[in-house]
Each structure stands twice: as structure tokens, then as C-alpha cells.
K.L.:
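Structure below; questions to follow.
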Amino acid sequence: MGHCRTAWKPASTCYTGLLMPRVRFAPSPTGFLHIGSARTFIFNWLYARHHHGTMILRIDDTDVERNTQQSLDSIFEGLNWLDLGWDELYHQSERLDLHRRTAQAIFERGLAYRDFTPAGNEDSERSGANGTWLCNPGMRDMPREESDHRAKIEPFVLRFRVPREGPCDIRFRDAVYGEQSKSTADIEDFALLRSDGTPTYHLASCADDADLRISHIIRGQDHLTNTFKHILIFRAAGHEPPEFAHLPLLVAPDGAKLSKRRHGPVVSVTTYRDRGFLPHAFVNFLCLLGWSPKDDREQMSRQDLVDAFTLEGINRSNAVVNFTEDDPFDPKAVWLNAEHIRALPVEELAGRLLPFARAAGFRAEAEKMRQVTPLIRERIKLLTDVATAADFFFQDALAPYLAEELIPQKGDKAMALKVLQHALEVLSAVDFTHAALENTLRAAAQQLGIKTGQMFLPIRVAVCGRKTAPPLFETLEVLGRETCLQRIRQAIEKLR
RNA sequence: GGCGCUAUCGUCUAACGGUUAGGACGGAGCCCUCUCAAGGCUCAAAUACGGGUUCGAUUCCCGUUAGCGCUACCA
């Protein structure tokens, strides 16, 4: 295949003289941004940042039938939330001239031909003797004059003329999957232009990748076998193919490819956002699916990931996102999120929690949130957990609870009453600081001749409305004297 | 059907051809403790199957099985 090869134009060179990579993420706006796409974006981004290259976002919107504005919005929403950014942005629909010129050039070189077979008419002939359809009879070898003539009155698709002389393997080395080869005898004459003159994905993608001087194509493994066609197109258009790195796919627990239809919103990036994931934790989780730093690190900062990321660290088998009917999130994602929540400075965590608190209907002030945050940070896994973990800090009325809840272990109603009445007394006088509260209440327990746990439980339930809550003294401190006394009085009423 | 890719605990993964096959999540238990968490410790849990090559295969080769992908005028 002696296709002409023009010089490859590198985008830029850094001072060491090494090529700076240019990578792209090219979603098509035909649905929301799903987590598999997000991971592809992230891996591209990491590769670009690791090598000080360029991250390009290209919207592959050549399928006019299926594109929607809503989908486009959803993709940007998801990408913006990830907070990684990109350096250049292109819309494929604005580059149709380039695609047509590329197709024309390939045609003029005799490497493509017109196929006048009516659409949908080839199915019966599709499965050939050995199971592979290669081309429609009579079209590939039609004389140029006849083709030109019929082109004036008949619609046609432009097909790539896959070389057929002798056995010939197309080869490339994938950065993840290694040496790949496929015989041209197993590659059909695929379409370049549709009968309405619009470019197919294969043509548009390759024309743009070449024009944008993409150096590394990092994409899902579902494109691995398409790559042979792409290499054919690159060469036919006079370009050296870029490097390829294919990523193992993200699959559902049943092994099926993640899809909107089958798996619903659990595969949408915005679901993770809305359910209180930190973007950073989400990125961290996705990175660990199909890639490993090869040491035992799991929780990694953005910079850790940039530093550690290599194509060699990517593995070859599909990764299961372990969600279920009951729980849409992989337990490891939730754990990582909790880890990142705990690692966040209080000030920043409080800021992230605030909108979720307000969404839960709390009258939450920034300052109050800042006080509450240290008390709940080790007790929440998702930002949305603020709704159940901090309700009694923000709501005037406690959620209803049973009087029995106030009764301590190995105690009775009388003990609960005694504790609460005594607490009412001492809490009226004590300094509302952690240390003073602790000293006072421990002393009170001793004075009443009961265990500290028996002392603390009725108070906890009285002020929080439940047995499970943050440590008592800090909680009392943040709640303040008035609220505590009032709630203890209400508890006493409840017991009578 | 054809072509391609893949195969280590339930899940994510580590292991120059030589390890008691390591770590993490989740599970179980213990410790700590004012509850719940967090933290610490311990336990259960894997090389799909069959052949080779080799002194020695999780690792290399072949086959089987299973899964996935591509096989569109979708991307």
C-alpha cells in the first residue's frame, strides 16, 4: 500500500525537544455523560497533564438525527463538575468542509468508490460464504465514467476501497493491548460518506484527528477493531496514524456494557454529583477502574494521579462497576468519597455541605455549618448524608421519637427522669464549653451513682432526638444552652 | 456465523518464570469508647479448565470454556 505520506506536523515541542502530546475526548451528544465516557475523558486529561500536553474536547455531532441540545448540555454539566478542564474546544459539525475535502481526496486517489446500492437493500447478501460481507457486487469496479454519470442522477455512498490484492495484514501497536493485526480480507468496504453527503463517524473522526494533529488516541476498547479502518483512512488521506491506546470497558455487574436504557441514571455522572459525591473522589474512583499505580495507593489527590499516570498502568480486562438494585453506587466509590470528605479542610467541607443542607430544607447559616462540620465529617459518606446526620442542629423541632428511647441501658423511666432533671440543673449553670461540660456531666454521673453511659444517653436522646449522634459535649456546645435546656424540658414532659 | 480482545478473592487490583499469591472495598470478629462513627488488630475469601515448554508456571505457548467488542449510509 504505497499511499503517499506527508510529513507529520507536531503541534509543538517543549524545550527538551520531545513531542508534546495532543489528546482528545470526543463525545457524541446522543445521551447524558455516562461514567465510562467520564473515565475516558479523565484518562486523556491525566495523560495530557502528565506530559504537559494539550487536552482537546471535540463534540462529535455529525449524527444530526440523534443529537440533542439537552444531551450537549448534560455533557458539559458533567465535565464541568469534574472540574478538570480542557485546552481547546471544537464542534465537528462546523468542520464538514474538512471532512468532505478529505473524502474527495481519497476518492481522487482511487482509494474510494461510489456505491449506488439502495439503502437497506443489501441485507440478504450481507453474510457471505465465510461470514464476512466485503462489498456490493458491481460497485467497486464500476468504470469512472459510468460512476460519474450515475452520480448526477442517483444517490450513492462513498466506500473505502480496502486493498484486496494478496493477503495483507494491517498492523499497529496499541499502547495497552500490544501488537494488533488484522487481515484486509476481514475488513469490509466501509462507508466514508452517506448518501446525503454527510461524513460517517470513521471519516469525520480521522479527518479531524489528523487536522487537529492528535498524537495519541485514547478511547474505549469498543474501538479497538475500528482502528484498522482508521489506519486505512489516515494513510489514504496522506497522514501517519497517531499512537493508539484502548481502554478496557466499564461494565455492569452482569457483565453487560453500561447503558442508559438498561441501567438508568446510575450510570450518569450527574447522579453522582446530585447524590453528594466530591468530584475529586469520583475521579479517584474512576481512575482505579482499569488502571493501577502499581503500588498499594488507593486514595490519591489530583496531583498524585497526574504524577503516577502512565499508559503502562492500564490493564486489559473490563472492570465491573459494582452497583445493585438497592444501591446505585459501588461501595468502593462511597468509601473513597468518605475518605476524601475526611481529608478536606473543615472550611471547604462546610462550604460544600451548605447547599445540601439547604436542599434538605434546613435554615443553614455558613457559620453554623462550620461549627457542625467537624462533628459530622467522620459520620457521613456522601454530602447528602448531612440531611440525616445534622438535622437536629438546624431544625427547631426535633424529629419525633419514642419516650422509651430516653431510658438508658439497665435503667428505667425513673432513672431517665432523674438524669434529665439533674442535667437541667447543672446545665443551667455550667460554662458551655467542651471541657466544662464533660467535667460537670461526669461528676454528675458519679454523684447520681450511675454509669457515664447511663448519664449521657438520656441527654443525647433529649437534645438529638435519637441514640446515634456525634459526641455529646461538642454537640451540646454547638447547640447552645437555650436549645439544650428547652429540649431537655420537652423530654421530661414526654416521660411524664 | 466471521474477526478481534479478555480471564487472580464477591468487587477493584498487585506479583523480573521461584512469594506462606500481596493490598483495598465489602463481610465476620476483637480492641478502643458516652452512642454512632473514625482508628487499630484478626479471620474467611482467588490464579476458569485441559495440555504442553521448564528444575520450577498466576506469569510463556496451544486448545477448551466463558465473557465482552466489532461485523450500519450509529458513534
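As the structure is a prediction and not an experimental result, all values here were calculated from the model. Letters A, B, ... are given to chains in the order of the sequence lines, protein chains preceding strands, and every chain is numbered from 1.
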K.L.:
Taking only the side-chain heavy atoms of A:Asn226 (C-beta and beyond), determine which of B:A38, B:C73, B:C70 contains the nearest atom.
P.N.:
B:C70
K.L.:
Output the rounded distance in Å from CZ (A:Arg171) to P (B:C5).
P.N.:
12 Å
K.L.:
According to salt bridge (charged side-chain N to carboxylate O under 4.0 Å, His left out), does anything in residues 432-444 of chain A pair up with another residue at least two apart or in another chain? List the pairs.
P.N.:
A:Glu438-A:Arg442
K.L.:
What's the gap between B:G4 and B:U8 when it is taken at their C1' atoms, as a whole Å value?
P.N.:
24 Å
K.L.:
Just how far, in rounded Å, is C1' of B:A37 from CD of A:Glu474?
P.N.:
13 Å
K.L.:
Please measure how far the C1' atom in B:U20 lies from the corresponding atom in B:A15, and state the result in whole Å.
P.N.:
14 Å
K.L.:
Taking any strand in view, what nucleotide pairs with B:G17 in a Watson-Crick or G-U wobble way, both distances under 3.5 Å?
P.N.:
none
K.L.:
Rounding to a whole Å, what distance do you find between A:His230:NE2 and B:C70:P?
P.N.:
12 Å
K.L.:
Quick one: label A:Phe156 by what it contacts on the DNA or RNA (base, sugar-phosphate, nothing), any heavy atom closer than 4.0 Å.
P.N.:
nothing
K.L.:
Take atom P in B:G63 and the same atom in B:G2, then report the distance between them in whole Å.
P.N.:
15 Å
K.L.:
Looking only at the aromatic ring of each residue, does the gap between the centers of A:Phe156 and A:Tyr113 stay below 6.0 angstrom?
P.N.:
no
K.L.:
From the list B:U35, B:G69, B:C34, which nucleotide is the closest neighbour of the side chain of A:Phe456?
P.N.:
B:C34
K.L.:
Within the side chain of A:Arg39, is there an N or O that forms a donor-acceptor pair under 3.5 Å with the backbone of A:Leu289?
P.N.:
yes
K.L.:
My understanding is that only residues two or more places apart in sequence, or in another chain, count here; which of them pass salt bridge (Lys or Arg N to Asp or Glu O under 4.0 Å) with A:Glu405?
P.N.:
none
K.L.:
Mind checking A:Glu339 for me? I need base, sugar-phosphate or nothing, with any heavy atom below 4.0 Å counting as a touch.
P.N.:
sugar-phosphate
K.L.:
Under 3.5 Å for both donor-acceptor distances, Watson-Crick or wobble: does B:C9 have a partner, and if so which one?
P.N.:
none
K.L.:
What distance, rounded to whole Å, do you find between the two P atoms, one in B:C16 and one in B:G50?
P.N.:
25 Å
K.L.:
Please state whether the base of B:C36 and the side chain of A:Thr468 form at least one donor-acceptor pair under 3.5 Å?
P.N.:
no
K.L.:
Can you tell me the base-pairing partner of B:G56? Count Watson-Crick or G-U wobble geometry only, both distances below 3.5 Å, and say none if there is no partner.
P.N.:
none
K.L.:
With both distances kept under 3.5 Å, what pairs with B:A72, Watson-Crick or G-U wobble?
P.N.:
none
K.L.:
Quick one: A:Leu476 CG to B:U35 P, roughly how many Å, whole number?
P.N.:
15 Å
K.L.:
How would you list, by chain and number, every residue that makes a salt bridge (Lys or Arg N to Asp or Glu O under 4.0 Å) with A:Arg114, sequence neighbours excluded?
P.N.:
A:Asp148
K.L.:
Under 4.0 Å, counting only non-hydrogen atoms across every strand here, what does A:Arg342 touch: a base, just sugar-phosphate, or nothing?
P.N.:
sugar-phosphate
K.L.:
With sequence neighbours excluded, tell me which residues meet side-chain contact (heavy atoms from CB on, under 4.5 Å) with A:Ala333.
P.N.:
A:Phe277, A:Phe285, A:Asp330
K.L.:
Would you say the ring centers of A:Tyr272 and A:Phe329 fall short of 6.0 Å from each other?
P.N.:
yes
K.L.:
Choose from B:U71, B:C34, B:G69 the nucleotide whose nearest atom is closest to any side-chain atom of A:Arg460.
P.N.:
B:C34
K.L.:
What one-letter contact string describes nucleotides 6-27 of chain B from 5' to 3', where B marks a base within less than 4.0 Å of any protein heavy atom, S marks contact via sugar-phosphate atoms alone, and - marks no contact?
P.N.:
SS---SBSSS------BBBS--
K.L.:
At under 4.0 Å between heavy atoms, what does A:Thr62 touch on the DNA or RNA strands: base, sugar-phosphate, or nothing?
P.N.:
sugar-phosphate
K.L.:
Excluding sequence neighbours, so at least two apart, what forms salt bridge (Lys or Arg N to Asp or Glu O under 4.0 Å) with A:Glu154?
P.N.:
A:Arg150
K.L.:
Quick one: does A:Asp115's side chain have a donor or acceptor within less than 3.5 Å of a partner on A:Val157's backbone?
P.N.:
no
K.L.:
Report yes or no: does A:Thr475 contribute a side-chain atom to a donor-acceptor pair with the main-chain N or O of A:Pro471 at less than 3.5 Å?
P.N.:
yes
K.L.:
Name all residues meeting the ring pair (Phe, Tyr, Trp, His ring centres under 6.0 Å) criterion together with A:His230; count only those two or more places apart in sequence or in a different chain, and write none if there are none.
P.N.:
A:Tyr201, A:His202
K.L.:
Looking at residues 432-453 of chain A, who's got a heavy atom less than 4.0 Å off RNA chain B?
P.N.:
A:Arg442, A:Thr452
K.L.:
Taking NZ from A:Lys229 and C1' from B:A72, how many angstroms apart are they, rounded to a whole number?
P.N.:
9 Å
K.L.:
So what does A:Pro253 hit on the nucleic acid, given a heavy-atom distance under 4.0 Å: a base, only sugar-phosphate, or nothing?
P.N.:
nothing
K.L.:
Taking any strand in view, what nucleotide pairs with B:G50 in a Watson-Crick or G-U wobble way, both distances under 3.5 Å?
P.N.:
B:C62
K.L.:
For atom P, what is the distance between B:U58 and B:U42, given to the nearest Å?
P.N.:
27 Å
K.L.:
With sequence neighbours excluded, give me every salt bridge (charged side-chain N to carboxylate O under 4.0 Å, His left out) pair touching residues 461-477 of chain A.
P.N.:
A:Asp391-A:Arg466
K.L.:
When you measure from the side chain of A:Lys494 to the backbone N and O of A:Tyr401, does any donor-acceptor pair fall under 3.5 Å?
P.N.:
yes
K.L.:
Using the P atom as the reference point in each nucleotide, state the distance between B:C9 and B:U47 in Å, no decimals.
P.N.:
7 Å
K.L.:
In whole angstrom, give me the gap between the P atoms of B:A7 and B:C61.
P.N.:
11 Å
K.L.:
Reckon A:His246 touches a base, only the sugar-phosphate, or nothing at all at heavy-atom distances under 4.0 Å?
P.N.:
nothing
K.L.:
For A:Arg481, enumerate each residue passing the salt bridge (Lys or Arg N to Asp or Glu O under 4.0 Å) test, keeping only those at least two apart in sequence or located in another chain.
P.N.:
none
K.L.:
Please report, rounded to the nearest Å, how far the C1' atom of B:U35 is from the CZ atom of A:Phe473.
P.N.:
11 Å
K.L.:
Rounded to the Å, how far apart are A:Glu188 CD and B:G2 C1'?
P.N.:
11 Å
K.L.:
Take the protein atom CZ of A:Arg466 and the nucleotide atom P of B:A37, then report the distance between them rounded to whole Å.
P.N.:
13 Å
K.L.:
Sequence neighbours left out, what passes side-chain contact (heavy atoms from CB on, under 4.5 Å) with A:Pro253? Give chain and number order.
P.N.:
A:Val320, A:Asn322, A:Phe323
K.L.:
Considering only atom P, compute the distance from B:G26 to B:A48 and round it to an integer number of Å.
P.N.:
26 Å
K.L.:
Mind checking if A:Pro470 touches a base, just sugar-phosphate, or nothing, with heavy atoms under 4.0 Å?
P.N.:
base
K.L.:
What does the list of N/O pairs under 3.5 Å between the protein and nucleotides 47-49 of chain B look like, with a distance for each?
P.N.:
none

